[in-house]
Amino acid sequence: MSLRFYNTLTQQVQPFEPLDTVGKVVRMYTCGPTVYDFAHIGNFRTFVFYDILRRWLKADGFQLDHVMNITDVDDKIIRNAVAQGKTLNEYTDIYTKAFLDDCATLRLERPETIARATEHIDQMAAAIHKLEEAGFTYRSDGSIYFRIAKFPEYGKLSHNDFSGMVSGARVDVDEYEKNDARDFALWKAPKAGEPNWETEIGPGRPGWHIECSVMAIQYLGATLDLHAGGVDLVFPHHENEIAQSECLTGKQFARYWVHSEFLLVDGQKMSKSLGNFYTLRDLFGRGFTPECVRYLLASVPYRKGLNFTFEGLKSAQTAIERLRNFKFRLESAKLAEGLNEELAAKATAAIAEFRASMDDDLNTAEALGAMFEYLRHANSAFDAGQFLAGNLAAAQDLLALFDSVFQVLQPTGQEGGMSEQEIETLIAARTAAKKSREFAKADAIRNELIEKGIILEDTKDGVRWKRK
RNA sequence: GGUGCGGUAGCCAAGUGGUAAGGCCAGGGUCUGCAAAACCCUUAUUCGUCGGUUCGAUCCCGACCCGCACCUCCA
């Protein structure tokens, strides 16, 4: 079966096909970070999901045209920037850079376009102007609001029924800045001490939702194939994006909406007051590697809540080691000629199952199951001397397929310490000492390396080393 | 209250109308000069509770219990 996703809009798992069936270009938009602070691991659960999505689309033969926004103007940013006496840009540059660095550390592919809200203010103003002219908005105290009563389909994404809440009609408008509780700001009136822009619709700053509509349409066209975000964005953010965009263009805004579930820490929502609030930097500071964070975040399918624990991180690290050991075995073993047909069949089956699992709404957990089940069979064959030269290519194909999505086999390089050449020289000296049964000398070399943070592993296929 | 997600072994977690993948931990074993590492094996008569449908339900239906999220700017 081919690729399919659960579409929030239809509440069904549907076969995925982009509008461009010839070039197979997928036009996708993902909601990026608001750069008011370091992103935390909950944010990165979603960003890792975007990356898995990207990589699997490519593995299935699609081309990508992916846009992600960076929200660099909002209430929190303004508040923090003012408090620190910085301009908006000075403040957001710090966290934008930190975010991009973190993404690179987690091996997240860069979207084809990263769009900053403040670089698209004029386009937003033009879109709001157009909405005004078409009668979808009203002004109140210098702000411009979207009138949801003008968009009968409002609620179709979050499956909320707002028909009973149209209200507002009897409320004295003077006492409320909005006519209807569900109306939302497209444009906010300037306030003293806050940054604002001079535009064709007057001075002010954009509301939160308009940036995504405007940038998505500008770079990808009126109708997107895929729009992704965290579940918390379904309402109101994505609902509002749909309202604005579809009123603006008269066309369906996004065909597939995919949303990732939340991450919990020890079964609870992450919060600073509970002391279970972690950034990537916190985890690296505790000695965890980027790969194990990535693996843990990727290993639970995106539509399931993910319970983040330190035990889970350790378990991810161990699982990665096992995969790396297998890779080493493939690279270093001296294999007898021939083909183990039973094992070859298992490799073929594992590759098919891995693909089928990923195609099934990105079921990463099931895909991992296929990988490990084969790994176990292959290791048994190795131990029995039944892993033959003819079995190598398929095993490497499976491992490559696995790593094209998970990206954890290559260890993150560590700086400093001994050079590889120095290490290899010492290992050779130890091997020679062992051969001449000078075990005291061999152990001395091993201890010397341990002190330098180099761990040796004697395997059947030679000596392996790694940095601690 | 409305909407959505979920409750499967010590922990994480997949899954199906026909009798429970996988990972981690733990226990056992193989290998090894020693050690470490590595590798293999074992580990749920049972899938929140109670009813119903069925030859048969963890998987379908109903009720209930519990957890999480969203309901105006939080991925």
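Lettering follows sequence order; numbering is per chain, from 1. Since the structure is predicted, the reported quantities are computational estimates derived from the model, not experimental observations. Values reported hereafter were calculated over all heavy atoms of this structure, with side chains retained and with hydrogens, waters and symmetry mates removed.
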**Student:** Can you tell me how far C1' of A75(B) sits from CG of Asp37(A), to the nearest Å?
**Tutor:** 14 Å
**Student:** Nearest whole angstrom, please: distance from the P of A75(B) to the OH of Tyr302(A).
**Tutor:** 19 Å
**Student:** Could you check which of G23(B), C5(B), C41(B) has an atom nearest any side-chain atom of Glu261(A)?
**Tutor:** C5(B)
**Student:** What would the secondary structure line of RNA chain B be in dot-bracket form, counting Watson-Crick and G-U wobble pairs under 3.5 Å, with [ ] for pairs that cross earlier ones and | for pairs with another strand?
**Tutor:** (((((((..(((.....[...))).(((((.......))))).....(((((..]....))))))))))))....
**Student:** Does OP1 or OP2 of G6(B) have a side-chain N or O of Arg303(A) closer than 4.0 Å?
**Tutor:** no
**Student:** Would you kindly check whether a donor in the side chain of Asn379(A) faces an acceptor in the base of A38(B), or vice versa, at under 3.5 angstrom?
**Tutor:** no
**Student:** Taking the P atom in each of A37(B) and A26(B), what is the distance between them to the nearest angstrom?
**Tutor:** 11 Å
**Student:** Rounding to the closest angstrom, what is the interatomic distance between A63(B) and U3(B) at atom P?
**Tutor:** 13 Å
**Student:** Looking at the base of C73(B), is there any donor atom on it, or on the side chain of Lys188(A), that sits under 3.5 Å from an acceptor on the other one?
**Tutor:** yes
**Student:** Would you please classify the geometry between the His209(A) ring and the His237(A) ring as parallel, tilted or perpendicular, with 30° and 60° separating the classes?
**Tutor:** tilted
**Student:** Calculate the interatomic distance between Arg464(A) atom CZ and C39(B) atom C1'; express it in whole Å.
**Tutor:** 13 Å
**Student:** It should be established whether Lys76(A) places a side-chain nitrogen or oxygen under 4.0 Å from OP1 or OP2 of nucleotide C74(B).
**Tutor:** yes
**Student:** Which part of the nucleic acid, if any, lies within contact of Asn43(A), taking any heavy atom under 4.0 Å across all strands shown: a base, the sugar-phosphate backbone alone, or nothing?
**Tutor:** base
**Student:** Which is true for Ile455(A) with a 4.0 Å heavy-atom rule: it touches a base, it touches only sugar-phosphate, or it touches nothing?
**Tutor:** nothing
**Student:** Rounded to whole Å, please give me the gap between CG in Asp443(A) and P in A35(B).
**Tutor:** 11 Å
**Student:** How do Asn160(A) and Gly230(A) order along RNA chain B: which one's closest nucleotide is nearer the 5' end?
**Tutor:** Asn160(A)
**Student:** Which is true for His259(A) with a 4.0 Å heavy-atom rule: it touches a base, it touches only sugar-phosphate, or it touches nothing?
**Tutor:** nothing
**Student:** Please check if the side chain of Ser213(A) supplies one atom and the backbone of Gln244(A) the other of a donor-acceptor pair under 3.5 Å.
**Tutor:** no
**Student:** Hey, does Phe372(A) reach any base, or is it just sugar-phosphate, or nothing, if we go heavy atoms under 4.0 Å?
**Tutor:** sugar-phosphate
**Student:** Check if the side chain of Arg446(A) and the base of C34(B) share a donor-acceptor pair of N or O atoms closer than 3.5 Å.
**Tutor:** yes
**Student:** How would you label the contact of Glu321(A) with the nucleic acid (heavy atoms, under 4.0 Å): base, sugar-phosphate, or nothing?
**Tutor:** nothing
**Student:** Just say parallel, tilted or perpendicular for the rings of Phe310(A) and Tyr278(A), cut-offs at 30° and 60°.
**Tutor:** perpendicular
**Student:** Indicate whether the side chain of Trp208(A) and that of Asn240(A) have a donor and an acceptor atom separated by less than 3.5 Å.
**Tutor:** no
**Student:** Could you give the CZ-to-P distance, from Arg437(A) to G33(B), as a whole number of Å?
**Tutor:** 7 Å
**Student:** Nearest whole Å is fine: how far is C39(B) P from Leu323(A) CG?
**Tutor:** 10 Å
**Student:** Taking atom C1' in both A75(B) and C68(B), compute the distance separating them and give it to the nearest angstrom.
**Tutor:** 15 Å
**Student:** Among Asp359(A), Asp360(A), Asp361(A), find the one that has a salt bridge (charged side-chain N to carboxylate O under 4.0 Å, His left out) with Arg4(A).
**Tutor:** Asp360(A)
**Student:** When we call it a touch if two heavy atoms are under 4.0 Å apart, what does Gly42(A) touch: a base, just sugar-phosphate, or nothing?
**Tutor:** base
**Student:** So with a 6.0 Å cut-off around CD of Glu420(A), is the heavy-atom count from everything else above 12?
**Tutor:** no
**Student:** Quick one: which of C39(B), G33(B), U3(B) gets closest to the side chain of Phe439(A)?
**Tutor:** G33(B)
**Student:** Assess the residue pair Phe99(A) and Phe47(A) against the criterion (ring-ring contact (aromatic ring centres under 6.0 Å, His included)); give the C-alpha distance rounded to whole Å, side-chain angles, the decisive distance to 0.1 Å, and a yes or no.
**Tutor:** CA-CA 11 Å; Phe99(A) 171 72; Phe47(A) 298 131; 5.1 Å; yes
**Student:** Name the nucleic acid region contacted by Ser260(A), choosing base, sugar-phosphate or nothing; use a 4.0 angstrom heavy-atom cut-off, strictly under.
**Tutor:** nothing
**Student:** In this structure, are over 12 heavy atoms from other groups packed under 6.0 Å from Glu342(A) atom CD?
**Tutor:** no
**Student:** Whole angstroms only, please: what is the NE2-P distance between His377(A) and A21(B)?
**Tutor:** 12 Å
**Student:** Taking Leu157(A)'s backbone N and O only, do any of them form a donor-acceptor pair with Glu239(A)'s side chain (distance below 3.5 Å, no angle check)?
**Tutor:** yes
**Student:** Tell me whether the count of non-hydrogen atoms from other residues, nucleotides or ligands lying under 6.0 Å of CZ in Arg110(A) goes above 12.
**Tutor:** no
**Student:** Counting the atoms with a prime plus P, OP1 and OP2 as sugar-phosphate, which does His237(A) contact under 4.0 Å by heavy atoms, base, sugar-phosphate, or nothing?
**Tutor:** nothing
**Student:** For G6(B) versus G15(B), give the span between their P atoms, rounded off to a whole number of Å.
**Tutor:** 10 Å
**Student:** Which protein N or O atoms sit under 3.5 Å from an N or O of nucleotides 12-16 of chain B?
**Tutor:**
{"unit_1": "A14(B)", "atom_1": "OP2", "unit_2": "Lys304(A)", "atom_2": "NZ", "d": "3.4"}
{"unit_1": "A14(B)", "atom_1": "O3'", "unit_2": "Asn363(A)", "atom_2": "ND2", "d": "2.9"}
{"unit_1": "A14(B)", "atom_1": "O2'", "unit_2": "Glu366(A)", "atom_2": "OE2", "d": "3.1"}
{"unit_1": "G15(B)", "atom_1": "OP1", "unit_2": "Asn363(A)", "atom_2": "ND2", "d": "2.8"}

**Student:** Ring-plane angle category for Phe184(A) and Phe146(A), please: parallel below 30°, perpendicular beyond 60°, tilted otherwise.
**Tutor:** parallel
**Student:** Rounding to a whole Å, what distance do you find between Trp465(A):CH2 and A35(B):P?
**Tutor:** 26 Å
